Amino acid sequence: MDSATEAFVAHRNLLFTVAYEMLGSAADAEDVLQETWLRWVGVDLDTVREHRAYLVRITTRQALTRLRTLSRRKESYVGPWLPEPLLTTPDVAEDVELADSVSMAMLLVLETLAPTERAVFVLRDVFDLEYDEIASAVDKTPAAVRQIAHRARAHVAARRPRGTTSQTESRDALDAFRRAVETGDLQGLLDVLAPDVVFLGDGGGVVQAVLRPVVGADKVARLLAAGLPRLHGAVSVERVQINGGPALILRLGGDVDNVVAVRVDDGLVTGLYVVRNPEKLSRVGHETTMSR
C-alpha cells in the first residue's frame with residue numbers, strides 16, 4: 001500500500017467511530033469516510049505532521065456538514081428517531097468509556113447538543129484530543145473550544161444516566177427480561193423494569209412502532225405484554241451486544257424484525273430502545289469494529 005492508503009486503513013476504525021458518534025448513523029458515517037478518503041488522497045503528505053490528527057480533522061468537518069443535513073431530515077421523521085444499532089465486537093463492551101459513548105442512551109443525549117458542541121465533546125471527552133487539534137477541526141480558537149467543551153460537558157452531565165451496573169448485573173437483567181418476553185410473563189416484566197423506565201420505538205413511518213415515548217413500568221409492561229401473544233412461537237430471540245451494551249435481536253421467520261437495546265442501571269431496566277425501521281437494521285448481521 002502507498003503511504004496515504006496505509007495511514008487511512010490504520011485509522012479507519014477510529015474515523016468511523018468519530019463519524020458515528022457525531023451522526024448516530026452508520027450509513028452516513030460510511031459516506032463521511034468516503035468523503036474523507038477523497039480529500040485525503042489529494043493531500044501532500046510531506047506537509048502533514050501527524051496523520052491521525054489530520055484525518056480526524058477532515059472527518060470532523062465532513063461529519064459537521066452531514067450533521068446539519070441530518071438535522072433537517074429528522075424534523076420530518078415519523079415518530080421517535082433512534083440511532084442506527086450496531087452489532088459490536090466484545091472489546092467495545094470491555095472498554096467502559098467507549099461503550100458508554102456509543103450507547104443508545106448517550107447518543108440520544110448527544111442529539112440535544114448543537115453540532116459544534118457535539119463535535120467538541122466527542123473529540124475531547126471520548127477521544128482525548130488536545131484543544132488546539134479540536135480548534136483546527138471546528139474552525140474555532142483553542143480558548144473558544146475550551147468554553148464549548150465546558151458547556152457541552154455540563155449539558156451532558158445533567159442528562160446522562162447516572163446509575164452504575166456491572167456486566168454481570170446487565171446480563172442478569174437482560175436474561176430476566178428475555179425470559180419474560182419469551183413467556184409473556186407480565187409480573188416478570190414488572191420485576192425487572194425500573195419504575196421510571198422509558199420505552200422508545202423507531203419504525204420511521206415504514207413499519208408499525210410506538211409514536212411517542214412510553215414511561216413507567218406498568219405502562220411499558222402492559223405495552224409489551226399486549227404485543228407478545230402475536231409473536232409467541234413465531235419469534236426467535238438472540239442475546240447480543242449492540243452499541244457496546246446488552247440487547248436482543250428478535251427474528252420472525254428468520255428475518256430480523258427488531259433490535260431491542262437495553263439500558264440497565266442498578267440491576268433494573270431503565271431504557272428500552274426498539275428499532276424496527278428496516279433501513280436501520282442492515283448492520284446487525286455482522287460485527288462492527290470501533291476504536292478510540
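Note that the structure is a prediction, hence the values are computed from the model and not measured.
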- Item | L211: hydrophobic cluster co-members (side-chain, 4.5 Å) | V78

- Those residues at least two apart in sequence (or on a different chain) that pass side-chain contact (heavy atoms from CB on, under 4.5 Å) with E130 are R124, D132, E133

- Item | T270: side-chain contact (heavy atoms from CB on, under 4.5 Å) partners, not counting sequence neighbours | A194, R263, D265

- Item | M106 backbone acceptor or donor facing R160 side chain under 3.5 Å | no

- Query: Between OH of Y131 and CD1 of I148, what distance do you get to the nearest 0.5 Å?
  - Reply: 11.0 Å

- Closest non-hydrogen atoms of A144 and K140, given as atom of the first, atom of the second and distance, are CB-CB, 4.2 Å

- Task: Show the numbers, then the answer: is there a side-chain contact (heavy atoms from CB on, under 4.5 Å) between R52 and L129?
- Result: CA-CA 11 Å; R52 178 181 183 270; L129 266 65; 3.9 Å; yes

- D125 side chain reached by R153 side chain, heavy atoms, under 4.5 Å: yes

- Atom of T88, atom of N243 and distance for their closest heavy-atom approach: OG1-N, 3.5 Å

- Taking atom CG of L38 and atom CG of L33, what is their separation to the nearest 0.5 Å? 11.0 Å

- Item | Side-chain hydrophobic cluster, 4.5 Å single linkage: members besides V198 | L82, L87, M104, L108, L200, V215, V240, I242, I249, V256, V259, Y273, V275, L281, V284

- Going through the distances and angles, do S282 and E84 end up as a side-chain contact (heavy atoms from CB on, under 4.5 Å)? CA-CA 9 Å; S282 63; E84 183 177 351; 4.0 Å; yes

- Note on the structure: Taken in chain and number order and not counting sequence neighbours, the residues that satisfy side-chain hydrogen bond (donor to acceptor under 3.5 Å, both in side chains) with Q241 are none

- Point-to-point distance, once rounded to the nearest 0.5 Å, from CG of L123 to CZ of R118: 11.5 Å

- Query: Are any of the side-chain heavy atoms of E97 and V126 separated by less than 4.5 Å?
  - Reply: no

- Identify the heavy atoms of L190 and A217 that sit nearest to each other, and give their distance. CD2-O, 3.7 Å

- Taking all atoms of both residues into account, what is the closest heavy-atom pair of D44 and T47, and its distance? O-OG1, 2.6 Å

- Working to the nearest 0.5 Å, report the span between CG of L67 and CZ of R72. 10.5 Å

- Item | 4.5 Å side-chain heavy-atom contact, F127 and E21 | yes

- Query: How far does CG of L107 sit from OG of S25, to the nearest 0.5 angstrom?
  - Reply: 11.0 Å

- Task: Find out if a path of hydrophobic residues (ILVMFWY) with successive side-chain heavy-atom gaps under 4.5 Å connects V96 to F121.
- Result: no

- Note on the structure: For A99 and G244 the tightest heavy-atom approach is CB-O, 3.7 Å

- Are any of the side-chain heavy atoms of T288 and Y20 separated by less than 4.5 Å? no

- Task: Indicate yes or no: does R61 engage D139 in a salt bridge with an N to O separation below 4.0 Å.
- Result: yes

- Query: Which residues satisfy the side-chain hydrogen bond (donor to acceptor under 3.5 Å, both in side chains) test with R57, sequence neighbours excluded?
  - Reply: none

- Query: Do H11 and S291 come within less than 4.5 Å of each other through their side chains, counting heavy atoms only?
  - Reply: no

- Just wondering, more than 12 heavy atoms not from E238 lying within 6.0 Å of its CD? yes

- Message: According to a hydrophobic-cluster definition based on side-chain heavy atoms being under 4.5 Å apart (Ile, Leu, Val, Met, Phe, Trp, Tyr only), do L193 and L186 belong together?
- Response: no

- Message: Going by side-chain hydrogen bond (donor to acceptor under 3.5 Å, both in side chains), name the residues that satisfy it together with D196, two or more places apart in sequence or in a different chain.
- Response: none

- In the hydrophobic clustering that connects Ile, Leu, Val, Met, Phe, Trp and Tyr at side-chain heavy-atom distances below 4.5 Å, which members other than V207 occupy its cluster, ordered by chain and number? V206

- Item | Which residues share a side-chain contact (heavy atoms from CB on, under 4.5 Å) with R39, sequence neighbours left out | E35, I58, Q62

- Message: When you compare the side chain of L86 with that of F16, does any pair of heavy atoms fall below 4.5 Å?
- Response: yes

- Is the closest side-chain heavy-atom distance between L174 and V264 below 4.5 Å? no

- Message: Please determine whether a side-chain nitrogen of the Lys or Arg among R283 and E30 lies less than 4.0 Å from a carboxylate oxygen of the Asp or Glu.
- Response: yes

- Measure the shortest side-chain to side-chain distance between V32 and M22 over non-hydrogen atoms and say whether it is less than 4.5 angstrom. no

- Query: Minimum heavy-atom separation for A261 to A247, with atom names?
  - Reply: CA-CB, 3.8 Å

- With distance as the sole test, does R159 use its side chain to make a donor-acceptor pair with the main-chain N or O of H155 at under 3.5 Å? yes

- Query: Does H51 have any ring-ring contact (aromatic ring centres under 6.0 Å, His included) partners at least two apart in sequence or in another chain, and if so, which?
  - Reply: W40

- Note on the structure: Residue set satisfying side-chain contact (heavy atoms from CB on, under 4.5 Å) with K74, at least two apart, ordered chain then number -> L70, W81, E111

- With rounding to the nearest 0.5 Å, note down the distance linking CE in M290 to CG in L98. 6.5 Å

- For L248 and R178, what are the C-alpha separation, side-chain angles and deciding distance, and is it a side-chain contact (heavy atoms from CB on, under 4.5 Å)? CA-CA 8 Å; L248 301 173; R178 176 182 178 177; 4.2 Å; yes

- Task: Please lay out, stage by stage, how T36 and F8 fare under the test side-chain contact (heavy atoms from CB on, under 4.5 Å).
- Result: CA-CA 9 Å; T36 298; F8 186 83; 4.1 Å; yes

- Task: Taking salt bridge (Lys or Arg N to Asp or Glu O under 4.0 Å) as the test, write out the residues that go with R239, two or more places apart.
- Result: D175

